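Here's the structure, in structure tokens; my notes come after.
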Amino acid sequence: MKAMLIDADKQFVWSDVGEPVLTDEGVIVEIYAAALNRADLLQRQGTYPSPAGWPQWPGLELAGRIVAMGKTAERESGYHIGDSVCALVGGGAYAERIALPYQLLLPVPKGMSMEEASTLPEAYTTSYLNLFVEGHLTAGQVLYVAAGASGLASAAIPMGKLNGAYVVTSVQTRAAAEKIKNLGADEIIIQEEESIPDAFARLEREGHPVNVCMDCLAGKDLGDAMPFMAAGGYWVVISTLAGITTEIKLRPLLTRGLHLVGSMLRRRSNEEKHELLTALRDNMWHWFEDGTLKPSVYRVLDISEVDEAHGILERYENTGKVVLRVKQS
């Protein structure tokens with residue numbers, strides 16, 4: 001089969017590789033589409049390798065059809081050969097086929113294309129984890145989602161709204177704010193006009209202090225904004241795109257009972273991921289199937305256009321997810 005390898009010059013090469021190996025608890029999925037994540041860019045640069053046991057080429061989420069099943073998977077999973085599925089994987093989605101534990105599968109929601117379904121496992125599971133498990137978000141609270149134009153925010157913002165939160169997000173420019181209005185955020189902070197710390201201070205004055213932050217940026221703004229959070233608030237750091245250092249005032253952390261949480265979906269075991277995927281399916285899938293919740297797909301490109309797909313993320317052009325089509329559905 002073919003997979004998108006990274007050569008010594010950090011260039012993609014569509015190459016022949018060995019067929020995936022089926023295990024008793026595993027399935028083999030023929031891949032139709034793979035969605036991009038920023039981790040893919042890091043993997044190409046050599047700083048974010050696939051975990052042990054996963055293929056060395058990139059790709060953390062995919063959609064396709066089951067073409068083979070191990071005996072245990074056949075008996076216990078509830079899936080069948082030919083089923084349309086999407087999956088959360090540790091690597092290897094930039095390929096024609098992949099072997100994975102059945103516990104990491106989700107059904108493709110009724111009426112959804114493979115390209116759309118490929119965007120669900122990573123972004124929506126990450127959002128579910130950090131909003132509801134790590135962030136303890138409940139209806140009526142104020143949620144801040146950093147980087148509102150990102151693919152991850154395109155999942156987290158509607159999820160927060162559907163669960164009764166007042167959702168605030170941020171973008172760099174007014175033009176970017178116009179592009180994400182469809183996501184339904186109650187308030188968009190435009191950073192060229194108002195800084196994140198200033199916005200947090202204003203929200204507190206207005207009686208809407210932030211209860212939960214899902215933060216992929218971190219950096220200096222984290223420490224400057226945290227003192228204005230609501231008592232008992234959770235600031236969940238999932239990446240550090242704006243910097244790896246900050247200065248935190250400990251007095252507000254103490255007196256307000258704030259929580260600073262570091263969270264990575266990638267480091268969790270397959271059993272933990274299975275629990276999250278099951279919760280996501282039980283609590284969110286009906287909204288995908290009735291059209292209430294729709295994935296935001298910025299652009300679909302052929303797997304042969306992987307360089308252009310990565311370029312879109314590198315240039316921060318996308319509002320929503322970028323998808324590679326591996327096979328026509």
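Owing to the predicted nature of the structure, the values given are computational and were not obtained by experimental measurement.
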* Verify, without hydrogens or angle tests, whether E305 (side chain) and D302 (backbone) share a donor-acceptor contact under 3.5 angstrom. => yes

* Do W285 and V108 belong to the same hydrophobic cluster, where Ile, Leu, Val, Met, Phe, Trp and Tyr are linked whenever their side-chain heavy atoms lie under 4.5 Å apart, directly or via other members? -> yes

* Ignoring hydrogens and geometry, is there a side-chain-to-backbone donor-acceptor pair from S154 to G151 under 3.5 Å? -> yes

* Run the side chain to side chain contact (heavy atoms under 4.5 Å, CB included) check on I248 and M226 step by step: do they pass? -> CA-CA 8 Å; I248 295 175; M226 183 175 279; 4.3 Å; yes

* For V168 and L143, what are the C-alpha separation, side-chain angles and deciding distance, and is it a side chain to side chain contact (heavy atoms under 4.5 Å, CB included)? -> CA-CA 6 Å; V168 180; L143 166 67; over 6 Å; no

For residues 81-107, which side-chain N or O atoms pair as donor and acceptor with protein atoms under 3.5 Å away, sequence neighbours left out?
residue	atom	partner	partner atom	Å
D83	OD2	H80	N	2.7
S84	OG	R65	NE	3.3
Y94	OH	D40	OD2	2.6
Y94	OH	H310	NE2	3.1
E96	OE1	K2	N	2.8
R97	NE	E19	OE1	3.0
R97	NH2	E19	OE1	3.4
R97	NH2	E19	OE2	2.7
Y102	OH	E76	OE1	3.1
Q103	NE2	E25	OE1	3.1

* Test log, rule side chain to side chain contact (heavy atoms under 4.5 Å, CB included), inputs L258 and W235 -> CA-CA 8 Å; L258 304 178; W235 194 302; over 6 Å; no

* Structure fact -> Scanning both residues in full, the closest heavy-atom pair of E134 with H136 reads O-CD2, 3.3 Å

* Asked: Any idea which heavy atoms bring G160 and L131 closest together, and the distance?
  -> N-CD1, 4.2 Å

* **For W54, all residues meeting ring pair (Phe, Tyr, Trp, His ring centres under 6.0 Å), sequence neighbours excluded** => none

* Would a distance-only check, ignoring hydrogens and angles, find a side-chain to backbone donor-acceptor pair under 3.5 Å from H208 to L203? -> no

* Around atom CD1 of I244, are there more than 12 heavy atoms of other residues, nucleotides or ligands at under 6.0 Å? -> no

* Asked: Say you draw a straight line from CD of E317 to CD of E314; how long is it, rounded to the nearest 0.5 Å?
  -> 10.0 Å

* **Minimal non-hydrogen separation, K249 against P227, with atom names** => CD-CG, 4.3 Å

* Asked: Quick one: are E115 and L324 in side-chain contact, heavy atoms under 4.5 Å?
  -> no

* To do: Decide yes or no on side chain to side chain contact (heavy atoms under 4.5 Å, CB included) for R266 and Y48, but give the supporting numbers first.
  => CA-CA 11 Å; R266 188 181 183 92; Y48 203 68; 2.8 Å; yes

* Looking only at atom types and distance, does a side-chain atom of R44 sit under 3.5 Å from a main-chain N or O of K10, one as donor and one as acceptor? -> yes

* Asked: Is the backbone N or O of V13 less than 3.5 Å from a side-chain atom of S15, with the two atoms forming a donor-acceptor pair by type?
  -> yes

* Kindly give the heavy-atom pair with the smallest separation between M1 and P20, and that separation in Å. => SD-CD, 3.8 Å

* Say whether, by atom type as modelled, one donor and one acceptor occur between the side chain of N130 and the main chain of T126 under 3.5 angstrom. => yes

* Side-chain donor-acceptor contact under 3.5 Å, Y166 with E187 -> yes

* Shortest non-hydrogen contact between V212 and M229, atoms and distance -> N-CE, 4.4 Å

* Asked: With hydrophobic residues grouped by side-chain heavy-atom distances under 4.5 Å, do V210 and V236 end up in a single group?
  -> no

* **Atom pair CZ (R325) and CD1 (I31), whose distance is rounded to the nearest 0.5 Å** => 15.0 Å

* Asked: Does the side chain of S170 come under 3.5 Å of the side chain of Y144 through a donor N or O and an acceptor N or O?
  -> yes

* CG on L280 to CG on L120, rounded to 0.5 Å -> 8.0 Å

* Structure fact -> ring pair (Phe, Tyr, Trp, His ring centres under 6.0 Å) filter on H286, not counting sequence neighbours, yields none

* Asked: Counting only heavy atoms not in R281, do more than 12 fall under 6.0 Å of its CZ?
  -> no

* State whether a side-chain donor-acceptor pair under 3.5 Å links E275 with T278. => no

* Going by an N to O cut-off under 4.0 Å, is there a salt bridge joining E193 and R174? -> yes

* To do: Say whether, by atom type as modelled, one donor and one acceptor occur between the side chain of S150 and the main chain of A147 under 3.5 angstrom.
  => yes

* **Rounded distance (nearest 0.5 Å) linking atom CG of L22 with atom CD1 of I28** => 4.5 Å

* Only one of Q43, K321, E122 clears side-chain hydrogen bond (donor to acceptor under 3.5 Å, both in side chains) with N37; which? -> K321

* To do: For atom CZ of R315, decide whether the heavy atoms of other residues, nucleotides or ligands shown that lie under 6.0 angstrom number more than 12.
  => yes

* State yes or no: do L277 and L293 share one hydrophobic cluster built from I, L, V, M, F, W and Y residues joined by side-chain heavy-atom distances below 4.5 Å, directly or via other members? => yes

* Asked: More than 12 foreign heavy atoms under 6.0 Å from NZ of K220: is that the case here?
  -> no

* Is atom CD of E206 surrounded by more than 12 heavy atoms (other residues, nucleotides or ligands) closer than 6.0 Å? -> yes

* Less than 4.5 Å apart, any side-chain heavy atom of K161 and any of D186? -> yes

* NZ/NE/NH1/NH2 to OD/OE distance under 4.0 Å, D290 and K110 -> no

* Structure fact -> To the nearest 0.5 Å, atom CG of D215 lies from atom OG of S263 at 12.0 Å

* Do we see a donor-acceptor contact under 3.5 Å between the side chains of Y128 and N283? -> yes

* Asked: Between T119 and E116, is there a donor-acceptor pair closer than 3.5 Å when you use the side chain of the first and the backbone of the second?
  -> yes

* **Single-linkage hydrophobic cluster, 4.5 Å side-chain cutoff, V145 and Y124 together** => yes

* State whether the side chain of E272 and the backbone N or O of S269 hold a donor-acceptor pair below 3.5 Å, judged by distance alone. => yes

* To do: Report yes or no: is the cationic atom of R256 (NZ for Lys, CZ for Arg) closer than 6.0 Å to the six-membered ring centre of F228, at no more than 45° off its axis?
  => no

* Same cluster or not: are F12 and V300 linked, directly or through other Ile, Leu, Val, Met, Phe, Trp or Tyr residues, by side-chain heavy atoms under 4.5 angstrom apart? -> no

* Taking all atoms of both residues into account, what is the closest heavy-atom pair of W57 and S50, and its distance? -> O-OG, 3.8 Å

* Structure fact -> In this structure, CG of D221 is separated from SG of C213 (nearest 0.5 Å) by 11.0 Å

